[in-house]
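Naming convention: chains lettered A, B, ... in sequence-line order (proteins, then strands); numbering from 1 in each chain.
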Amino acid sequence: MCLGIPGQITEIIDADNLLAKVDVGGVRREVNIACIVDDEHPAASCVGDWVLVHVGFAMSRLDEEEAARTLALLAELGDMQAELDMMRRMEGQA
Amino acid sequence: MKYIDEFRDPAKAKKLVEEIHKLASGMFPSTPLRERTSPVAERSRSQRSRREHTRSQPLQIMEFCGGHTHTLFKYGIESMLPDTIEMVHGPGCPVCVLPMARVDDCVAIAEQPGVIFTTFGDAMRVPGTRKSLLQAKADGCDVRMVYSPMDALAIARKNPDREVVFFALGFETTMPSTALTLLQAHREGLKNFSLFCNHITTPATMRAILTDPDLRLDGFLAPGHVSMVIGAQPYDFVTRDYHKPLVITGFEPLDILQALWMLVKQIAEGRCEVENQYARIVPQAGNTAGLNAIHEVYETREHSEFRGLGNIGDAGIQIREAYAAYDAEKKFGIPFDAAPFDSAQGAGSLKCAEVLRGVMKPWDCPAFGKECNPQMPLGALMVSPEGSCAAYYAYGKLAKRS
């Protein structure tokens with residue numbers, strides 16, 4: 001009930017009642033988009049957006065910049081670790 | 001699917017695990033834990049701890065959310081962690097904390113003539129003192145499992161001569177969906193739809209945990225999808241009043257590992273902050289439209305009870321008077337006070353309360369894996385896959401690790 005699943009909005013079915021069709025892993029379902037529509041994001045502009053769907057409601061727009069930032073940080077951590085390991089190895093040899 | 005594989009990358013997970021081990025080994029002296037319990041060592045360590053943040057007892061970190069418990073087990077994350085970090089599984093499974101008497105109320109409503117009782121699948125097998133909803137269905141009640149409260153509304157439209165009740169359950173993650181569904185019913189003027197409201201709020205539940213004298217927690221992993229609705233600010237009291245660091249996190253293995261790394265880093269550096277690892281989904285201010293719907297429809301209950309925690313003060317939620325026409329409690333005359341904290345009738349040997357509060361492991365309960373198992377759950381923690389007993393059972397942790 002709490003996990004949710006990412007999907008992509010494919011069309012707006014009913015702009016007044018804020019209903020859209022969302023493709024969730026190949027399954028298409030009617031989803032309520034009231035929680036992700038605001039002045040900045042009117043219903044019509046939501047087609048193509050990736051959203052997290054919970055119990056038939058799109059609850060959050062996936063922030064791709066933030067996702068990229070988190071992944072970059074994790075990658076950096078890996079690189080830094082490799083570099084430190086290398087430094088340590090070199091130190092042992094000196 | 002978007003951002004799922006990326007957050008399951010084993011190479012990145014390995015690096016995070018190494019970083020966590022490094023941080024932990026910096027906090028704990030190198031000798032094994034069990035050899036460091038002499039009073040002399042204890043004294044010198046307590047002097048040292050103020051200076052260098054070294055510690056004697058393992059760090060206890062509570063993952064509040066049942067979804068996180070599930071990820072921990074599914075990916076075997078606990079076995080990757082150093083022995084100096086202990087995960088405490090929190091009560092963040094709405095099905096698991098539902099008092100038995102509330103299930104009895106559901107059954108009582110479902111037994112009324114003309115009622116179609118609709119519910120999320122998770123709640124079907126939760127035992128009541130009389131029976132579960134699944135048993136009520138087998139006995140002839142019209143109980144239907146739905147994916148969304150909107151599906152319940154569709155059933156109400158199709159069956160104008162029947163009373164359709166939706167079992168509104170869950171923390172803040174599901175509250176906007178039930179509130180928006182009620183508002184939609186109101187707009188359409190539907191007279192045969194109501195909610196049986198059993199929502200609960202996360203910060204108030206956390207406060208109840210933090211005031212438990214038996215608990216010795218060092219920090220929290222906070223639920224990602226609750227936070228997506230409420231934002232980061234409602235957790236400020238955890239760091240400010242209780243001095244426990246907290247990291248909001250997602251549900252993929254890398255999310256959890258990164259959050260653990262952030263949390264242990266806070267502790268190692270002597271910081272105590274609310275941090276957000278899950279910024280790709282959780283905006284700092286939460287979801288405005290969702291919060292507006294919640295505030296429009298719901299208000300705090302004065303007094304509520306949790307299975308396992310007893311009185312949780314103001315964590316319960318009820319429907320505002322303005323929408324009383326959609327409140328199943330009022331429609332069917334269910335007095336909320338008639339649902340007191342249950343003593344798990346007929347299940348005297350169960351240790352649900354201790355497990356739920358994190359002071360006992362599931363395998364310490366005499367009924368665990370024996371008369372209480374996922375096929376025939378006696379306690380609610382065995383019912384939902386998010387419950388810690390069901391997770392321990394499913395992933396084979398039937399006894400203490402040696």
Side-chain angles (χ1 to χ4, degrees), chain A residues 1-8 14 16-19 22-27 29-41 48-85, chain B residues 1-4 6-7 9 11-12 14-16 18-19 65-67 70 92-95 120-123 146-151 169-171 173-174 176-178 180-181 183-184 187 223 225-226 228-229 250-251 254-255 258 261 277-283 287-290 293 384 386:
Chain A
M1 160 187 354
C2 301
L3 281 187
I5 185 157
Q8 191 171 25
D14 179 347
D16 295 333
N17 287 309
L18 299 171
L19 297 174
V22 174
D23 184 320
V24 181
V27 179
R29 203 208 124 95
E30 185 182 296
V31 162
N32 183 301
I33 54 168
C35 288
I36 56 150
V37 170
D38 53 32
D39 293 343
E40 228 178 288
H41 306 92
D49 286 358
W50 278 88
V51 292
L52 195 68
V53 179
H54 282 260
V55 299
F57 288 74
M59 290 303 303
S60 184
R61 192 175 276 103
L62 247 161
D63 189 327
E64 301 201 24
E65 261 176 48
E66 286 291 353
R69 198 170 302 156
T70 307
L71 288 169
L73 192 142
L74 290 171
E76 232 169 72
L77 194 69
D79 293 345
M80 207 169 70
Q81 183 60 34
E83 216 160 292
L84 284 171
D85 286 349
Chain B
M1 240 172 291
K2 198 108 177 158
Y3 298 128
I4 292 210
E6 291 94 326
F7 284 92
D9 178 356
K12 289 200 182 82
K14 194 165 163 269
K15 292 295 173 202
L16 276 169
E18 283 171 15
E19 291 297 319
C65 175
H70 193 78
C93 161
V95 168
F120 292 132
D122 310 42
V146 291
Y147 161 70
S148 166
M150 293 296 268
D151 297 343
L169 186 66
F171 287 94
T173 314
T174 52
S177 68
T178 57
L180 286 163
T181 303
L183 292 171
Q184 178 70 25
R187 266 197 302 278
H225 293 153
V226 163
M228 155 188 89
V229 174
F251 296 85
L254 282 188
D255 288 323
Q258 190 187 11
W261 170 67
Q277 179 276 334
Y278 200 34
R280 68 184 185 280
I281 290 291
V282 175
N287 184 296
T288 311
S384 162
E386 293 171 17

Looking at Asp151(B) and Arg29(A), is there a salt bridge between them, counting it only when a charged N and a carboxylate O are closer than 4.0 Å? yes

Tell me which of these, Gly290(B), Ala293(B), Ser177(B), Gly67(B), has more heavy-atom pairs under 4.5 Å with chain A than the rest. Ser177(B)

In terms of heavy-atom pairs under 4.5 Å with chain B, the winner among Ile36(A), Val51(A), Leu52(A) is Leu52(A)

Between Glu19(B) and Lys15(B), is there a salt bridge with N-O shorter than 4.0 Å? no

Aromatic centroids of His225(B) and Phe251(B) separated by under 6.0 Å: yes

Can we say Arg61(A) and Asp38(A) salt-bridge, meaning some charged N sits less than 4.0 Å from an Asp/Glu carboxylate O? no

Report which part of Val229(B) has an atom under 4.5 Å of a heavy atom belonging to chain A: side chain, backbone, both, or neither. side chain

Considering non-hydrogen atoms only, spot the tightest contact between Pro6(A) and Leu62(A) and give its length. CB-CD1, 4.3 Å

Residue part contacting chain B, namely of Glu64(A), when any heavy atom lies under 4.5 Å: both

Which bit of Gln277(B) comes within less than 4.5 Å of chain A, counting heavy atoms only: side chain, backbone, both or neither? both

